[in-house]
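Presented below is the structure to which this report refers.
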Amino acid sequence: MIVDRFFPSTRRCADCHAKGAPLDVSVREWLCAECGAWHDRDVNAARNLREEGMRLYRLVSCALPSGRVPPPVIKASELPAVLSAA
């Protein structure tokens with residue numbers, strides 16, 4: 001899965017999914033204003049990207065007819081075309 005490049009992986013809380021304000025690149029850790037979770041920027045982004053990739057993969061997998069294998073690479077930007085081809 002290739003997640004959309006504008007997906008807010010860095011500033012979205014991986015615990016409560018609240019979307020915070022844009023972060024400067026120099027900010028390496030931050031506190032979620034909604035749930036109080038403390039995040040390492042890179043670990044939080046990795047968790048969010050994994051979750052979003054899995055969500056998109058499940059969406060495509062469930063739309064495919066029985067026995068059909070999902071394509072090896074799925075881009076979020078091409079998701080409507082992939083789903084309509086199912």
Side-chain angles (χ1 to χ4, degrees):
M1 287 302 314
I2 298 175
V3 176
D4 188 282
R5 67 182 280 191
F6 296 109
F7 179 73
S9 62
T10 302
R11 64 184 179 144
R12 178 180 171 222
C13 176
D15 292 336
C16 73
H17 301 163
K19 185 173 156 186
L23 300 171
D24 187 76
V25 178
S26 65
V27 176
R28 306 311 309 159
E29 297 178 330
W30 59 278
L31 180 69
C32 176
E34 296 295 319
C35 71
W38 187 257
H39 295 289
D40 172 278
R41 179 189 186 108
D42 297 330
V43 172
N44 182 66
R47 288 177 60 196
N48 281 324
L49 288 169
R50 180 184 183 282
E51 183 178 314
E52 179 66 0
M54 294 301 293
R55 184 188 73 81
L56 294 173
Y57 183 81
R58 281 189 300 272
L59 183 68
V60 170
S61 294
C62 290
L64 293 175
S66 180
R68 181 138 179 245
V69 178
V73 176
I74 303 168
K75 295 181 181 179
S77 60
E78 299 171 358
L79 199 56
V82 171
L83 292 174
S84 65

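- Between Leu59 and Leu79 the shortest side-chain heavy-atom distance falls below 4.5 Å.
- Looking at heavy atoms from C-beta onward, Glu52 lies out of side-chain contact with Ser9 at the 4.5 angstrom threshold.
- Salt-bridge annotation for Glu51 and Arg12: present, with a side-chain N of the basic residue lying under 4.0 Å from a carboxylate O of the acidic one.
- The salt bridge (Lys or Arg N to Asp or Glu O under 4.0 Å) check on Arg50 picks up nothing, with sequence neighbours excluded.
- Two residues are said to be in side-chain contact when any heavy atoms from C-beta on lie closer than 4.5 Å; Asp15 and Cys32 fail this criterion.
- A distance-only check finds a donor-acceptor pair linking the side chain of Asn44 to the backbone of Ala14 [under 3.5 Å].
- Between Ile2 atom CD1 and Ile74 atom CD1 the span is 9.5 Å, to the nearest 0.5 Å.
- A continuous path of ILVMFWY side-chain contacts below 4.5 Å connects Leu56 to Val60, so both sit in one hydrophobic cluster.
- The ring pair (Phe, Tyr, Trp, His ring centres under 6.0 Å) contacts involving residues 31-55 comprise Trp30-His39, where partners must be two or more places apart or lie in separate chains.
- For the salt bridge (Lys or Arg N to Asp or Glu O under 4.0 Å) test, residues two or more places apart in sequence or in another chain that qualify with Asp42 are Arg28.
- Gly53 approaches Val3 most closely through the heavy-atom pair N-CG2, 4.0 Å.
- Between the side chain of Arg11 and the backbone N or O of Gly20 there is at least one donor-acceptor pair closer than 3.5 Å.
- Although no hydrogens or angles enter the test, the distance criterion places no donor-acceptor pair under 3.5 Å between the side chain of Asp40 and the main chain of Glu29.
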